[in-house]
Amino acid sequence: MARRRFREEEPHNHERWLVSYADFITLLFAFFVVMYSISQVNESKYRVFSNTLTDVFAKPALDTNPIEVGETARTNPSAMIEVQVDPVKAPSPQQTEEENAAQRKQADNLQKLSDKIRSALGDLIDKDLVTVKGNETWLEITLRSSLLFKSGDASISEDAFAMLAQIAAILREQDHPVRVEGFTDDVPIHNARFNSNWELSSARAAAVVQVMLAKGMNPENLVAAGFGQYQAIAPNTTEEGRAKNRRVVLMVANGGTLRPQLAPVGLDPKTGAMTEPEPEAPTPNR
């Protein structure tokens, strides 16, 4: 007779309630977190929201009367803006005509300068070593650096002094403001004197200015500026393009000044705050 096997009963787990209890605690924690976050009010956002609602509902009702075609438009007088013209700033017809005449005279002077420089440097212009162009505002005289300097140097060669002396003598006649600008190619430079093309271009422009001063030009009408390898006029991928980028440019202005003249602004000795300049008194009509 076969022996009957009795199945052993598994032990009963008396800690199953902990799972439900943990879920309940988690939900209760999340509930309090949400309630806490709702209780924190951002006063600045609430104030912006309140002001927005006030502006929207406080607007007056729009006028529903249509504008009829062919009649004068009806405008609310309270919404009109009166435009006032300052009689001091409004130029008179006589002043405008005088300014136009002065501008035409200055443009003619630039044209005369251009003709004189073209005549003096005709051979170099034909060889494409010097370029002269301009308009009624500026006269641009471009000089190849090979005419003035050795490679990587800012000392003007002896042959260049005579050419710069001719240019200075012509520019000195009418005393125009002149900005001397130096440019290089993109080949890096690092020697005992110059650490970058910025320094080389600035030194070359300053050297030309020194020659202009030695030839009698007004120092208040001269300025030197260096642009380095930037503001290129030709690609630096070829030797011809790099040669064009190595240049000194003389920008002759049609009157005016070298830099904008701002009204003087000082500090209040008592408060230390910036003080605005007093308005100029109107010039009486004569």
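Among residues two or more places apart in sequence or in another chain, the side chain to side chain donor-acceptor pair (under 3.5 Å) test is passed with Asn236 by Asn245. In this structure Leu28 satisfies the side-chain contact (heavy atoms from CB on, under 4.5 Å) test together with Phe24, Phe32, sequence neighbours excluded. For Glu158, there are no salt bridge (charged side-chain N to carboxylate O under 4.0 Å, His left out) partners at least two apart in sequence or on another chain. Looking at residues two or more places apart in sequence or on another chain, you find no side chain to side chain donor-acceptor pair (under 3.5 Å) involving Asn135. Remark: Arg246 pairs with Asp185, Glu239 by the side chain to side chain donor-acceptor pair (under 3.5 Å) rule, at least two apart or across chains. With sequence neighbours excluded, no residue satisfies side chain to side chain donor-acceptor pair (under 3.5 Å) with Gln166.
Taking 4.5 Å as the limit, every side-chain heavy atom of Leu250 sits out of range of all side-chain heavy atoms of Glu140. Gln231 has its side chain out of reach of Glu181: every pair of non-hydrogen atoms, C-beta onward, lies at least 4.5 Å apart. Side chains of Leu143 and Ile167 form a contact here, defined as non-hydrogen atoms less than 4.5 Å apart. Between Val180 and Val223 there is no side-chain heavy-atom pair separated by less than 4.5 Å. Within the 4.5 Å cutoff, the side chain of Ile141 has no heavy atoms near those of the Lys133 side chain. Taking the side chain as every heavy atom from C-beta outward, His176 and Asn221 never approach each other to under 4.5 Å. By the 4.5 Å heavy-atom criterion applied to side chains, Arg193 and Ser155 are counted as neighbours.
The CG atom of Leu110 sits 6.0 Å away from atom CG of Leu139, with the distance rounded to the nearest 0.5 Å. Atom OG1 of Thr142 is separated from atom CD1 of Ile233 by 6.5 Å, given to the nearest 0.5 angstrom. A distance of 13.0 Å separates CG of Leu148 from CZ of Arg247, quoted to the nearest 0.5 Å. A distance of 6.5 Å separates CZ in Phe194 from CG in Asn191, rounded to the nearest 0.5 Å. To the nearest 0.5 Å, atom CD1 of residue Ile117 and atom CG of residue Asp115 are 10.0 Å apart. Taking OG1 of Thr26 as the start and CZ of Phe31 as the end, the distance is 15.0 Å to the nearest 0.5 Å.
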Per-pair distances, 0.1 Å, donor-acceptor, side chain in residues 198-215, under 3.5 Å, sequence neighbours excluded:
{"from": "Glu199", "atom 1": "OE1", "to": "Asn195", "atom 2": "N", "distance (Å)": "3.3"}
{"from": "Ser201", "atom 1": "OG", "to": "Asn197", "atom 2": "O", "distance (Å)": "3.0"}
{"from": "Ser201", "atom 1": "OG", "to": "Trp198", "atom 2": "O", "distance (Å)": "3.0"}
{"from": "Ser201", "atom 1": "OG", "to": "Phe227", "atom 2": "N", "distance (Å)": "3.4"}
{"from": "Ser201", "atom 1": "OG", "to": "Gly228", "atom 2": "N", "distance (Å)": "2.9"}
{"from": "Ser202", "atom 1": "OG", "to": "Trp198", "atom 2": "O", "distance (Å)": "2.9"}
{"from": "Arg204", "atom 1": "NE", "to": "Asp153", "atom 2": "O", "distance (Å)": "2.9"}
{"from": "Arg204", "atom 1": "NH2", "to": "Lys150", "atom 2": "O", "distance (Å)": "3.2"}
{"from": "Arg204", "atom 1": "NH2", "to": "Asp153", "atom 2": "O", "distance (Å)": "3.1"}

Which side-chain N or O atoms in residues 118-131 pair as donor and acceptor under 3.5 Å with protein atoms at least two apart or in another chain?
{"from": "Arg118", "atom 1": "NE", "to": "Ser114", "atom 2": "OG", "distance (Å)": "3.3"}
{"from": "Arg118", "atom 1": "NH2", "to": "Val132", "atom 2": "O", "distance (Å)": "2.4"}

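Applying the ring-ring contact (aromatic ring centres under 6.0 Å, His included) test to every pair with at least one member in residues 117-154, sequence neighbours left out, gives no pairs at all. Pairs passing the salt bridge (Lys or Arg N to Asp or Glu O under 4.0 Å) check and including a residue from residues 165-174, sequence neighbours excluded, read Lys116-Glu173.
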Worked check of side chain to side chain contact (heavy atoms under 4.5 Å, CB included) between Val249 and Arg179: CA-CA 8 Å; Val249 179; Arg179 187 174 73 232; over 6 Å; no
Residue pair Arg242, Asp186: steps toward the side chain to side chain contact (heavy atoms under 4.5 Å, CB included) verdict: CA-CA 8 Å; Arg242 289 191 292 270; Asp186 64 345; 4.1 Å; yes
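A chain of hydrophobic side-chain contacts below 4.5 Å, direct or via other Ile, Leu, Val, Met, Phe, Trp or Tyr residues, connects Phe161 to Val248.
The hydrophobic side chain of Leu27 is isolated, with no ILVMFWY side chain under 4.5 Å apart from it.
Heavy-atom minimum distance, Ser157 versus Leu147: OG-O, 3.5 Å.
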